*Asks:* 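Can you keep this structure in mind? I'll have questions shortly.
Quick caveat, the model's predicted, so the values are computed rather than measured. Just so you know, ligand 1 is whichever comes first in the structure, and atom 1 is the first atom listed for that ligand.
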Amino acid sequence: MSATLIKGTEIREEILEEITAEVAGIKEKHGVVPGLVTILVGESPASISYVTLKIKTAHRVGFNEVQDNQSPDISEEDLLALIDKYNNDESIHGILVQLPLPKHIDEKKILNAIDPDKDVDGFHPVNVGRLMIGGDEVKFPPCTPAGIQEMIIRAGVETSGAEVVVVGRSNIVGKPIANMMLQKGDGANSTVTVVHTRTKDLEGHCKRADILIVAAGVPGLVKPEWIKPGACVIDVGVNRVGEKPSKKDPSRMVAVLKGDVDFDAAKEIAGSITPVPGGVGPMTITMLMKNTLKSLKFKLGIN
Ligand code: NAP
């Protein structure tokens with residue numbers, strides 16, 4: 001039997017519509033909209049295309065989007081001063097610094113300079129600590145893990161008491177999603193195992209999972225026989241495995257993307273599964289919008 005597809009592209013539309021309606025309501029009642037600034041240093045094509053998508057989405061939901069492009073030669077001191085300016089700007093509720101930054105700038109120093117109450121990416125140590133404490137302490141869950149949890153909830157998958165196995169222990173995906181799934185609350189209350197390259201029996205752990213979240217960056221790492229029949233499989237991996245002509249313009253080559261799970265075989269065993277592309281990918285920017293809206297709501301005291 002074929003698994004139910006959990007499509008990020010569809011869930012994104014639902015959430016963006018909810019955000020748009022909420023922004024319109026806040027604007028009418030309070031006369032303000034969420035303000036999001038994106039600071040882009042340099043002209044890396046990958047960063048530009050990612051930032052462009054963020055701007056487009058922010059406009060779509062009715063945010064005040066500020067694009068601040070800086071030369072690759074900007075000094076660390078000047079970049080810190082810029083962040084300070086936005087930290088003190090009442091009309092800005094979310095500050096994003098597009099990574100990577102040029103080598104002469106200490107990324108950690110820059111990210112740690114963002115006011116934790118405007119850190120809508122959720123990477124500031126204060127927000128990492130809030131996430132660890134859980135409950136009402138959490139302000140901005142990091143966007144990809146927040147997207148994963150939202151997909152699991154909206155797909156109607158039972159998480160309470162579920163065995164969740166997370167493959168990967170990165171600071172941006174593995175560790176935060178593991179932490180989120182073990183908290184008390186909706187879409188959580190799970191029993192969580194985190195596996196990585198030093199794990200002795202990867203297959204054995206995966207086979208126990210009611211919910212298997214894979215974020216390793218290794219195409220096809222998880223074999224279909226490692227999946228418990230009926231399990232929910234969230235494939236976070238995005239791996240470029242080749243190129244193919246674009247459907248829109250066949251003279252242009254586009255990347256062929258594959259996840260960390262052997263999708264075609266896995267969908268015959270899993271109960272539900274995310275595709276790659278079109279699964280977790282679209283959720284990250286969506287949750288960034290949600291965090292920015294939350295930031296304004298915290299400020300207005302309407303959470
Ligand atoms: P990362 O920082 O490279 O971490 C990968 C993790 O997977 C590490 O903890 C590593 O273990 C573990 N791992 C790697 N190979 C393994 C193996 N053979 N067996 C067991 N564990 C293994 O990667 P990341 O940033 O978390 O990203 C993971 C994947 O998700 C990538 O494909 C990335 O492109 C994708 N991603 C997608 C989105 C999105 O869709 N929005 C967002 C973020 C990331 P060790 O710690 O032992 O090295």
*Asks:* With T20, which residues qualify under side chain to side chain contact (heavy atoms under 4.5 Å, CB included), at least two apart?
*Replies:*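 Only V61 meet the side chain to side chain contact (heavy atoms under 4.5 Å, CB included) criterion with T20.
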*Asks:* Among residues at least two apart in sequence or on other chains, which ones pass salt bridge (charged side-chain N to carboxylate O under 4.0 Å, His left out) with K299?
*Replies:*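 Residues passing salt bridge (charged side-chain N to carboxylate O under 4.0 Å, His left out) with K299: E90.
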*Asks:* Counting only heavy atoms from other residues, nucleotides and ligands, does the tally under 6.0 Å from NZ of K258 exceed 12?
*Replies:*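 12 or below, so no.
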*Asks:* Only one of D117, D136, D119 passes salt bridge (charged side-chain N to carboxylate O under 4.0 Å, His left out) with R130; say which it is.
*Replies:*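 So the option named by the test is D117.
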*Asks:* Can you pull the residues with any heavy atom under 4.0 Å from ligand 1?
*Replies:*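 If the criterion is a heavy atom under 4.0 Å, then ligand 1 touches T144, G168, R169, S170, I172, V173, H196, T197, L202, A215, A216, G217, V218, L221, V236, G237, V238, N239, G281, T284.
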*Asks:* Determine whether more than 12 heavy atoms belonging to other residues, nucleotides or ligands lie under 6.0 Å from atom NZ of K223.
*Replies:* yes
*Asks:* Residues two or more places apart in sequence or in another chain: which of them pass side chain to side chain contact (heavy atoms under 4.5 Å, CB included) with A216?
*Replies:*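 Here the qualifying residues are V167, V218, L221, D260.
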